[in-house]
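What follows is a short report on a single structure.
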Amino acid sequence: MRSVIDVPDLSPEELEELMDTAEDIIANPAKYSEVCRGKKLATLFFEPSTRTRLSFEAAMYELGGNVLSVTGAGTSSAAKGESVADTAKTVSCYADIIAMRHPKEGAARVAAQNASVPVINAGDGGHCHPTQTLADLLTIRREKGGFNGLTVGLCGDLKFGRTVHSLINALSRCEGLRFVLISPEELKLPSYVKNESLKKKGIPYTQTTDLEGAIGDLDILYMTRVQRERFFNEEDYLRLKDSYILTPEKLKKARKDLCVMHPLPRVNEISVAVDDDPRACYFKQVLNGKYMRMALIMMLLKEAGRL
Amino acid sequence: MNVDSIRDGIVIDHIAAGSGMKLYELLGLSSLDAPVAIMMNVSSHKLGRKDIIKIDAEIPINFDVIGYVDPGATVNVIRGGELAEKKRIALPERLVNVIRCRNPRCISVCEQELDQVFCLTDRETKEYRCLYCETKAAVL
(Lines give C-alpha, C1' and ligand atoms only; values in the text may rest on other atoms or scores of the structure.)
Protein backbone atom coordinates (compact mmCIF):
# COMPACT_ATOMS: atom_id res chain seq x y z
CA MET A 1 0.00 0.00 0.00
CA ARG A 2 1.48 3.32 -1.07
CA SER A 3 1.85 5.87 1.73
CA VAL A 4 3.67 9.18 1.97
CA ILE A 5 5.90 9.45 5.02
CA ASP A 6 8.55 11.80 3.70
CA VAL A 7 9.07 13.94 0.61
CA PRO A 8 11.48 11.48 -1.08
CA ASP A 9 8.57 9.02 -1.20
CA LEU A 10 7.40 11.17 -4.11
CA SER A 11 9.42 11.32 -7.32
CA PRO A 12 10.17 14.72 -8.92
CA GLU A 13 7.63 13.82 -11.62
CA GLU A 14 4.98 13.08 -9.01
CA LEU A 15 5.70 16.37 -7.25
CA GLU A 16 5.20 18.19 -10.56
CA GLU A 17 2.01 16.22 -11.18
CA LEU A 18 0.68 17.12 -7.71
CA MET A 19 1.43 20.80 -8.30
CA ASP A 20 -0.25 20.67 -11.73
CA THR A 21 -3.32 19.04 -10.15
CA ALA A 22 -3.36 21.68 -7.40
CA GLU A 23 -3.22 24.43 -10.03
CA ASP A 24 -6.13 22.80 -11.83
CA ILE A 25 -8.12 22.57 -8.57
CA ILE A 26 -7.52 26.29 -8.01
CA ALA A 27 -8.69 27.07 -11.56
CA ASN A 28 -11.64 24.63 -11.63
CA PRO A 29 -12.80 23.78 -8.08
CA ALA A 30 -16.21 22.55 -9.21
CA LYS A 31 -14.56 19.82 -11.30
CA TYR A 32 -13.26 18.21 -8.09
CA SER A 33 -16.15 18.81 -5.71
CA GLU A 34 -17.55 15.25 -5.96
CA VAL A 35 -14.39 13.27 -6.68
CA CYS A 36 -14.22 11.66 -3.21
CA ARG A 37 -17.94 11.22 -2.64
CA GLY A 38 -18.51 8.31 -0.23
CA LYS A 39 -14.85 8.19 0.82
CA LYS A 40 -13.62 8.76 4.35
CA LEU A 41 -10.45 10.37 5.58
CA ALA A 42 -9.43 9.58 9.18
CA THR A 43 -7.45 12.38 10.76
CA LEU A 44 -5.54 10.95 13.73
CA PHE A 45 -3.89 13.83 15.54
CA PHE A 46 -2.08 12.80 18.70
CA GLU A 47 -0.30 16.15 18.95
CA PRO A 48 -1.78 19.67 18.92
CA SER A 49 -2.46 21.13 15.47
CA THR A 50 -4.82 23.67 14.03
CA ARG A 51 -3.68 24.31 10.51
CA THR A 52 -2.70 20.85 9.36
CA ARG A 53 -5.73 19.02 10.71
CA LEU A 54 -8.21 21.60 9.43
CA SER A 55 -6.38 21.72 6.13
CA PHE A 56 -6.70 17.95 5.66
CA GLU A 57 -10.33 18.03 6.71
CA ALA A 58 -11.16 21.00 4.48
CA ALA A 59 -9.34 19.26 1.62
CA MET A 60 -11.45 16.11 2.00
CA TYR A 61 -14.70 18.06 2.32
CA GLU A 62 -13.89 20.07 -0.79
CA LEU A 63 -13.37 16.80 -2.65
CA GLY A 64 -16.87 15.75 -1.57
CA GLY A 65 -15.63 13.20 0.98
CA ASN A 66 -16.17 12.73 4.71
CA VAL A 67 -13.90 12.94 7.71
CA LEU A 68 -13.48 10.82 10.86
CA SER A 69 -11.45 12.66 13.42
CA VAL A 70 -9.40 11.86 16.51
CA THR A 71 -7.73 14.74 18.28
CA GLY A 72 -5.37 14.37 21.21
CA ALA A 73 -3.98 11.16 22.61
CA GLY A 74 -6.12 11.67 25.74
CA THR A 75 -9.39 11.10 23.87
CA SER A 76 -8.35 7.98 21.99
CA SER A 77 -7.28 4.42 22.78
CA ALA A 78 -3.69 5.67 22.78
CA ALA A 79 -4.47 6.84 26.32
CA LYS A 80 -5.16 3.19 27.21
CA GLY A 81 -1.77 2.23 25.86
CA GLU A 82 -2.81 1.09 22.38
CA SER A 83 0.12 0.82 20.00
CA VAL A 84 0.37 2.84 16.80
CA ALA A 85 0.30 -0.43 14.85
CA ASP A 86 -3.00 -1.52 16.40
CA THR A 87 -4.51 1.93 15.93
CA ALA A 88 -3.56 1.87 12.25
CA LYS A 89 -5.03 -1.61 11.73
CA THR A 90 -8.25 -0.62 13.50
CA VAL A 91 -8.75 2.68 11.69
CA SER A 92 -8.10 0.95 8.34
CA CYS A 93 -11.40 -0.86 8.94
CA TYR A 94 -13.29 2.44 9.00
CA ALA A 95 -11.51 4.81 6.62
CA ASP A 96 -10.23 4.87 3.04
CA ILE A 97 -7.17 6.94 3.88
CA ILE A 98 -5.44 8.14 7.06
CA ALA A 99 -3.66 11.40 7.86
CA MET A 100 -1.70 11.04 11.10
CA ARG A 101 0.22 13.38 13.36
CA HIS A 102 2.10 11.89 16.28
CA PRO A 103 4.68 13.28 18.72
CA LYS A 104 7.02 10.31 18.26
CA GLU A 105 9.43 10.26 15.35
CA GLY A 106 8.77 7.38 12.97
CA ALA A 107 5.19 6.82 14.18
CA ALA A 108 3.79 7.44 10.69
CA ARG A 109 6.08 4.77 9.23
CA VAL A 110 4.84 2.27 11.81
CA ALA A 111 1.25 3.21 10.93
CA ALA A 112 1.96 2.80 7.20
CA GLN A 113 3.51 -0.64 7.77
CA ASN A 114 0.37 -1.81 9.53
CA ALA A 115 -2.50 0.00 7.83
CA SER A 116 -4.34 -1.51 4.88
CA VAL A 117 -5.16 1.95 3.52
CA PRO A 118 -2.77 4.76 2.48
CA VAL A 119 -1.24 6.79 5.32
CA ILE A 120 -0.14 10.39 4.96
CA ASN A 121 2.33 11.64 7.53
CA ALA A 122 0.93 14.87 8.92
CA GLY A 123 4.01 15.35 11.11
CA ASP A 124 5.88 12.85 13.28
CA GLY A 125 7.54 14.81 16.06
CA GLY A 126 10.57 16.69 14.82
CA HIS A 127 11.15 14.25 11.99
CA CYS A 128 9.11 14.85 8.80
CA HIS A 129 6.16 16.93 7.67
CA PRO A 130 5.89 16.22 3.95
CA THR A 131 2.60 17.97 3.23
CA GLN A 132 4.01 21.23 4.61
CA THR A 133 6.76 20.85 2.04
CA LEU A 134 4.16 20.30 -0.66
CA ALA A 135 2.54 23.59 0.39
CA ASP A 136 5.95 25.30 0.32
CA LEU A 137 6.79 24.00 -3.14
CA LEU A 138 3.49 25.11 -4.67
CA THR A 139 3.90 28.54 -3.06
CA ILE A 140 7.40 28.98 -4.48
CA ARG A 141 6.28 27.81 -7.92
CA ARG A 142 3.27 30.13 -7.94
CA GLU A 143 5.21 33.12 -6.63
CA LYS A 144 8.44 32.63 -8.61
CA GLY A 145 7.25 30.71 -11.66
CA GLY A 146 9.69 27.85 -10.94
CA PHE A 147 12.60 26.75 -8.79
CA ASN A 148 15.78 26.90 -10.81
CA GLY A 149 18.35 29.57 -10.02
CA LEU A 150 16.73 30.83 -6.81
CA THR A 151 18.61 32.00 -3.72
CA VAL A 152 16.72 30.55 -0.78
CA GLY A 153 17.31 31.86 2.75
CA LEU A 154 16.24 29.68 5.68
CA CYS A 155 16.16 31.48 8.99
CA GLY A 156 15.67 30.52 12.64
CA ASP A 157 15.60 27.00 14.03
CA LEU A 158 17.37 25.00 11.35
CA LYS A 159 18.28 22.22 13.80
CA PHE A 160 14.89 20.97 14.93
CA GLY A 161 12.82 22.54 12.13
CA ARG A 162 11.52 19.53 10.24
CA THR A 163 9.95 21.71 7.53
CA VAL A 164 13.35 23.16 6.76
CA HIS A 165 14.98 19.74 6.38
CA SER A 166 12.22 18.49 4.10
CA LEU A 167 12.22 21.67 2.00
CA ILE A 168 15.99 21.58 1.50
CA ASN A 169 15.74 17.94 0.50
CA ALA A 170 12.98 18.65 -2.02
CA LEU A 171 14.63 21.75 -3.49
CA SER A 172 18.01 20.03 -3.72
CA ARG A 173 16.62 18.21 -6.76
CA CYS A 174 16.41 21.54 -8.67
CA GLU A 175 19.15 23.21 -10.68
CA GLY A 176 21.13 26.35 -9.98
CA LEU A 177 19.80 26.79 -6.46
CA ARG A 178 21.77 28.43 -3.67
CA PHE A 179 20.96 28.29 0.04
CA VAL A 180 21.71 30.84 2.75
CA LEU A 181 21.38 29.24 6.19
CA ILE A 182 20.68 31.85 8.86
CA SER A 183 20.58 30.64 12.47
CA PRO A 184 22.13 30.97 15.92
CA GLU A 185 25.14 28.68 16.41
CA GLU A 186 23.10 26.30 18.58
CA LEU A 187 20.36 25.86 15.99
CA LYS A 188 22.46 25.31 12.87
CA LEU A 189 21.40 22.85 10.20
CA PRO A 190 22.50 19.32 11.29
CA SER A 191 25.57 18.09 9.45
CA TYR A 192 23.80 15.00 8.10
CA VAL A 193 21.24 17.21 6.30
CA LYS A 194 24.08 19.36 4.93
CA ASN A 195 26.00 16.29 3.80
CA GLU A 196 23.13 14.44 2.21
CA SER A 197 21.10 17.25 0.68
CA LEU A 198 23.76 19.84 -0.12
CA LYS A 199 27.39 18.67 -0.08
CA LYS A 200 26.85 15.36 -1.89
CA LYS A 201 24.88 17.15 -4.62
CA GLY A 202 27.36 20.03 -4.91
CA ILE A 203 24.75 22.65 -4.03
CA PRO A 204 26.32 25.93 -2.87
CA TYR A 205 25.35 27.26 0.55
CA THR A 206 26.55 29.78 3.09
CA GLN A 207 25.96 29.83 6.83
CA THR A 208 25.53 33.03 8.78
CA THR A 209 24.03 34.37 11.99
CA ASP A 210 23.26 37.75 10.36
CA LEU A 211 19.75 38.04 8.87
CA GLU A 212 20.08 41.73 7.96
CA GLY A 213 23.36 41.13 6.17
CA ALA A 214 21.93 38.29 4.09
CA ILE A 215 18.40 39.49 3.34
CA GLY A 216 19.32 41.61 0.28
CA ASP A 217 20.53 38.55 -1.68
CA LEU A 218 17.43 36.43 -1.24
CA ASP A 219 14.59 35.44 -3.58
CA ILE A 220 12.92 33.43 -0.81
CA LEU A 221 13.12 34.01 2.94
CA TYR A 222 11.75 31.04 4.86
CA MET A 223 11.31 32.01 8.51
CA THR A 224 10.79 29.40 11.23
CA ARG A 225 9.67 29.37 14.83
CA VAL A 226 11.94 28.23 17.62
CA GLN A 227 9.78 25.36 18.88
CA ARG A 228 9.43 25.06 22.64
CA GLU A 229 8.25 21.44 22.33
CA ARG A 230 11.54 20.33 20.74
CA PHE A 231 13.71 21.46 23.68
CA PHE A 232 14.48 19.31 26.70
CA ASN A 233 15.75 22.37 28.52
CA GLU A 234 13.48 25.42 29.06
CA GLU A 235 16.49 27.70 29.65
CA ASP A 236 17.86 26.99 26.18
CA TYR A 237 14.47 27.69 24.64
CA LEU A 238 14.12 31.04 26.41
CA ARG A 239 17.63 32.08 25.40
CA LEU A 240 17.10 31.32 21.70
CA LYS A 241 13.43 32.02 21.05
CA ASP A 242 13.84 35.66 20.05
CA SER A 243 16.95 35.21 17.91
CA TYR A 244 15.34 36.54 14.73
CA ILE A 245 12.38 38.84 14.34
CA LEU A 246 11.48 40.02 10.85
CA THR A 247 10.23 43.62 10.85
CA PRO A 248 9.30 46.15 8.12
CA GLU A 249 12.64 47.88 8.82
CA LYS A 250 14.62 44.74 8.06
CA LEU A 251 12.52 44.18 4.92
CA LYS A 252 13.67 47.57 3.56
CA LYS A 253 16.99 45.92 2.72
CA ALA A 254 15.27 43.08 0.83
CA ARG A 255 14.44 42.77 -2.86
CA LYS A 256 11.11 44.07 -4.08
CA ASP A 257 10.16 40.59 -5.26
CA LEU A 258 11.28 38.70 -2.15
CA CYS A 259 8.86 35.99 -1.09
CA VAL A 260 8.57 35.72 2.73
CA MET A 261 7.38 32.30 3.86
CA HIS A 262 6.70 30.66 7.22
CA PRO A 263 5.18 27.23 8.00
CA LEU A 264 3.13 28.82 10.84
CA PRO A 265 2.19 29.09 13.61
CA ARG A 266 4.38 32.09 14.26
CA VAL A 267 5.01 33.43 17.71
CA ASN A 268 6.86 36.68 17.23
CA GLU A 269 9.47 35.87 14.58
CA ILE A 270 7.53 37.84 11.95
CA SER A 271 6.14 41.14 13.14
CA VAL A 272 2.39 41.53 12.45
CA ALA A 273 3.27 44.77 10.64
CA VAL A 274 4.87 42.66 7.89
CA ASP A 275 1.53 40.99 7.07
CA ASP A 276 0.40 43.89 4.86
CA ASP A 277 3.61 43.82 2.83
CA PRO A 278 2.94 42.26 -0.61
CA ARG A 279 6.03 40.10 -0.08
CA ALA A 280 4.38 38.27 2.84
CA CYS A 281 3.29 34.90 1.41
CA TYR A 282 2.69 32.81 4.53
CA PHE A 283 -1.08 32.90 4.45
CA LYS A 284 -0.98 31.99 0.75
CA GLN A 285 1.10 28.99 1.88
CA VAL A 286 -1.76 27.89 4.14
CA LEU A 287 -4.21 27.95 1.23
CA ASN A 288 -1.77 26.24 -1.11
CA GLY A 289 -1.34 23.51 1.51
CA LYS A 290 -5.02 22.65 1.26
CA TYR A 291 -4.85 22.34 -2.53
CA MET A 292 -1.77 20.14 -2.38
CA ARG A 293 -3.41 17.91 0.24
CA MET A 294 -6.44 17.58 -2.05
CA ALA A 295 -4.14 16.56 -4.89
CA LEU A 296 -2.28 14.07 -2.66
CA ILE A 297 -5.44 12.49 -1.25
CA MET A 298 -6.73 11.96 -4.80
CA MET A 299 -3.43 10.52 -6.00
CA LEU A 300 -3.16 8.00 -3.15
CA LEU A 301 -6.81 6.95 -3.29
CA LYS A 302 -6.49 6.37 -7.04
CA GLU A 303 -3.34 4.28 -6.55
CA ALA A 304 -5.08 2.26 -3.84
CA GLY A 305 -7.91 1.54 -6.26
CA ARG A 306 -10.38 3.39 -4.07
CA LEU A 307 -11.28 6.10 -6.60
CA MET B 1 49.25 -19.24 24.40
CA ASN B 2 47.30 -22.26 23.12
CA VAL B 3 43.60 -22.87 22.78
CA ASP B 4 42.44 -26.39 21.93
CA SER B 5 41.15 -26.93 18.42
CA ILE B 6 37.44 -27.62 18.16
CA ARG B 7 35.78 -30.68 16.65
CA ASP B 8 32.32 -29.36 15.80
CA GLY B 9 31.77 -25.63 16.00
CA ILE B 10 32.48 -22.21 14.59
CA VAL B 11 35.59 -20.08 14.37
CA ILE B 12 35.16 -16.38 13.67
CA ASP B 13 38.55 -15.28 12.42
CA HIS B 14 40.21 -12.10 11.14
CA ILE B 15 38.20 -9.87 13.48
CA ALA B 16 39.78 -6.44 13.71
CA ALA B 17 41.81 -6.23 16.91
CA GLY B 18 39.68 -4.79 19.68
CA SER B 19 36.31 -5.77 18.13
CA GLY B 20 36.16 -9.31 19.51
CA MET B 21 34.47 -8.43 22.78
CA LYS B 22 31.85 -6.27 21.03
CA LEU B 23 31.07 -9.14 18.70
CA TYR B 24 30.88 -11.54 21.65
CA GLU B 25 28.33 -9.25 23.31
CA LEU B 26 26.20 -8.57 20.21
CA LEU B 27 26.09 -12.26 19.26
CA GLY B 28 24.81 -13.00 22.77
CA LEU B 29 27.54 -15.60 23.34
CA SER B 30 27.60 -14.99 27.08
CA SER B 31 24.30 -16.86 27.40
CA LEU B 32 25.51 -19.81 25.35
CA ASP B 33 25.72 -23.19 27.10
CA ALA B 34 28.95 -24.19 25.32
CA PRO B 35 32.64 -23.37 25.65
CA VAL B 36 33.62 -20.11 23.95
CA ALA B 37 37.17 -18.76 23.65
CA ILE B 38 38.01 -15.18 22.74
CA MET B 39 41.58 -14.51 21.70
CA MET B 40 42.57 -10.89 21.42
CA ASN B 41 45.56 -9.22 19.79
CA VAL B 42 46.71 -12.40 18.09
CA SER B 43 49.49 -11.94 15.50
CA SER B 44 48.20 -11.92 11.94
CA HIS B 45 50.05 -11.79 8.59
CA LYS B 46 47.09 -10.02 7.01
CA LEU B 47 46.07 -7.59 9.77
CA GLY B 48 49.09 -7.31 12.04
CA ARG B 49 46.84 -8.00 15.03
CA LYS B 50 43.45 -9.66 15.08
CA ASP B 51 40.85 -11.15 17.40
CA ILE B 52 39.44 -14.69 17.09
CA ILE B 53 36.32 -16.25 18.62
CA LYS B 54 36.03 -20.01 18.85
CA ILE B 55 32.66 -21.57 19.69
CA ASP B 56 32.65 -25.25 20.57
CA ALA B 57 29.17 -25.86 19.15
CA GLU B 58 27.52 -25.35 15.77
CA ILE B 59 24.99 -22.73 16.69
CA PRO B 60 22.93 -20.49 14.41
CA ILE B 61 24.94 -17.30 13.88
CA ASN B 62 23.55 -13.92 12.87
CA PHE B 63 25.93 -13.04 10.06
CA ASP B 64 24.50 -9.51 9.88
CA VAL B 65 25.93 -8.89 13.36
CA ILE B 66 29.38 -10.00 12.25
CA GLY B 67 29.12 -7.88 9.07
CA TYR B 68 28.11 -4.87 11.13
CA VAL B 69 30.99 -5.24 13.61
CA ASP B 70 33.60 -6.19 11.02
CA PRO B 71 32.77 -7.07 7.40
CA GLY B 72 36.37 -8.23 7.00
CA ALA B 73 35.90 -11.13 9.43
CA THR B 74 35.61 -14.73 8.21
CA VAL B 75 33.49 -17.54 9.59
CA ASN B 76 34.75 -21.12 9.47
CA VAL B 77 32.38 -23.95 10.25
CA ILE B 78 34.22 -26.97 11.64
CA ARG B 79 32.73 -30.47 11.49
CA GLY B 80 34.57 -33.60 12.64
CA GLY B 81 37.66 -31.50 13.24
CA GLU B 82 37.78 -30.43 9.55
CA LEU B 83 36.94 -27.16 7.85
CA ALA B 84 33.47 -27.82 6.41
CA GLU B 85 32.44 -24.32 5.28
CA LYS B 86 34.07 -20.92 4.98
CA LYS B 87 31.64 -18.02 4.89
CA ARG B 88 32.41 -14.58 3.54
CA ILE B 89 30.89 -11.68 5.43
CA ALA B 90 29.47 -8.47 3.93
CA LEU B 91 28.20 -5.22 5.36
CA PRO B 92 24.45 -5.87 5.79
CA GLU B 93 21.88 -3.55 4.22
CA ARG B 94 19.64 -3.86 7.30
CA LEU B 95 20.16 -4.68 10.95
CA VAL B 96 17.16 -6.06 12.76
CA ASN B 97 17.22 -6.20 16.57
CA VAL B 98 20.99 -5.89 16.74
CA ILE B 99 21.37 -2.37 18.09
CA ARG B 100 18.88 -0.02 19.71
CA CYS B 101 17.88 3.53 18.79
CA ARG B 102 19.19 6.13 21.25
CA ASN B 103 16.71 8.86 20.29
CA PRO B 104 14.24 9.27 23.18
CA ARG B 105 11.74 10.79 20.72
CA CYS B 106 11.76 7.70 18.48
CA ILE B 107 8.64 5.53 18.32
CA SER B 108 10.83 2.40 18.61
CA VAL B 109 12.07 3.58 22.02
CA CYS B 110 8.53 4.28 23.20
CA GLU B 111 6.90 1.11 21.80
CA GLN B 112 9.26 -1.63 22.92
CA GLU B 113 7.65 -4.44 20.93
CA LEU B 114 8.67 -2.86 17.61
CA ASP B 115 11.63 -4.38 15.81
CA GLN B 116 14.73 -2.21 16.07
CA VAL B 117 15.61 -1.70 12.41
CA PHE B 118 18.65 0.17 11.12
CA CYS B 119 19.44 0.73 7.43
CA LEU B 120 22.84 1.19 5.83
CA THR B 121 22.87 4.78 4.56
CA ASP B 122 26.55 5.20 3.70
CA ARG B 123 28.61 2.15 2.76
CA GLU B 124 31.87 4.10 2.78
CA THR B 125 31.56 5.31 6.36
CA LYS B 126 29.53 2.26 7.52
CA GLU B 127 26.79 4.61 8.62
CA TYR B 128 23.50 3.12 9.79
CA ARG B 129 20.33 5.07 10.57
CA CYS B 130 17.18 4.10 12.42
CA LEU B 131 14.40 3.15 9.98
CA TYR B 132 11.86 5.12 12.00
CA CYS B 133 13.51 8.37 13.08
CA GLU B 134 16.69 8.29 10.92
CA THR B 135 18.94 8.87 13.93
CA LYS B 136 22.49 7.72 13.26
CA ALA B 137 23.61 4.56 15.06
CA ALA B 138 26.30 5.03 17.68
CA VAL B 139 29.80 4.36 16.41
CA LEU B 140 31.05 0.98 17.57
Side-chain angles (χ1 to χ4, degrees), chain A residues 3 5-9 44 46-47 73 77-89 100-114 119 121 123-130 159-160 162 165-166 169 190-197 199-200 227 229-233, chain B residues 16 18-19 22 25-26 28 60 62-72 90-140:
Chain A
S3 290
I5 307 305
D6 198 359
V7 179
D9 292 338
L44 310 180
F46 301 109
E47 195 181 50
S77 286
K80 299 174 190 166
E82 185 174 58
S83 67
V84 169
D86 283 1
T87 302
K89 284 176 190 166
M100 189 174 97
R101 169 167 289 190
H102 197 283
K104 292 292 176 185
E105 298 175 13
R109 187 167 298 284
V110 175
Q113 285 170 343
N114 289 280
V119 174
N121 184 5
D124 56 342
H127 185 219
C128 303
H129 191 0
K159 183 179 180 184
F160 297 114
R162 59 190 170 189
H165 303 172
S166 291
N169 189 302
S191 55
Y192 76 90
V193 180
K194 267 185 281 191
N195 286 339
E196 279 161 31
S197 298
K199 284 182 184 170
K200 276 187 187 171
Q227 302 169 86
E229 62 270 30
R230 305 289 170 232
F231 282 83
F232 286 125
N233 182 336
Chain B
S19 298
K22 190 75 206 168
E25 285 164 20
L26 287 176
N62 186 342
F63 293 103
D64 288 347
V65 173
I66 303 174
Y68 171 60
V69 175
D70 184 0
L91 207 57
E93 289 295 329
R94 271 185 170 220
L95 291 171
V96 181
N97 297 329
V98 175
I99 47 174
R100 299 196 72 81
C101 186
R102 300 165 299 154
N103 175 9
R105 299 181 177 98
C106 179
I107 188 73
S108 71
V109 172
C110 168
E111 296 196 357
Q112 298 281 318
E113 77 285 1
L114 285 172
D115 278 338
Q116 294 277 328
V117 184
F118 280 76
C119 303
L120 181 63
T121 50
D122 192 332
R123 189 166 283 279
E124 216 168 280
T125 58
K126 286 175 62 180
E127 181 186 278
Y128 284 85
R129 287 189 180 276
C130 172
L131 170 73
Y132 306 104
C133 69
E134 297 181 84
T135 295
K136 199 170 153 181
V139 179
L140 277 175

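Keep in mind that what you see is a predicted model, and the values were worked out from it rather than measured. Quick note on labels: first sequence line is chain A, next is B, and so on, each numbered from 1.
Between the CG atom of B/Asp115 and the CD atom of A/Gln113 there is a distance of 9.0 Å, given to the nearest 0.5 Å. One finds the CD atom of B/Glu134 at 11.0 Å from the NE2 atom of A/His165 (value rounded to the nearest 0.5 Å). In this structure, CD in A/Glu105 is found 8.5 Å from SG in B/Cys101, a value given to the nearest 0.5 Å. Taking OH from A/Tyr192 and CD from B/Glu127, the interatomic distance works out to 10.5 Å, rounded to the nearest 0.5 Å.
With a threshold of 4.5 angstrom between heavy atoms, B/Cys110 approaches chain A through side-chain atoms but not through N, CA, C or O. Contact of A/Asn195 with chain B is not made at all, since no heavy-atom distance falls under 4.5 Å.
In the displayed structure, A/Lys194 atom NZ is contacted under 6.0 Å by more than 12 heavy atoms of other residues, nucleotides or ligands.
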* Criterion salt bridge (charged side-chain N to carboxylate O under 4.0 Å, His left out) on A/Glu196 and B/Arg129, from CA distance to verdict -> CA-CA 13 Å; A/Glu196 279 161 31; B/Arg129 287 189 180 276; 3.7 Å; yes
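Residue with the most contacts toward chain A among B/Val109, B/Asp122, B/Leu131: B/Leu131 (heavy-atom pairs, distance under 4.5 Å).
Proximity of a side-chain donor or acceptor of B/Glu111 to a complementary backbone N or O of A/Val84 within less than 3.5 Å is detected.
Of all heavy-atom pairs between B/Glu113 and A/Ser83, the closest is OE2-CB, 3.6 Å.
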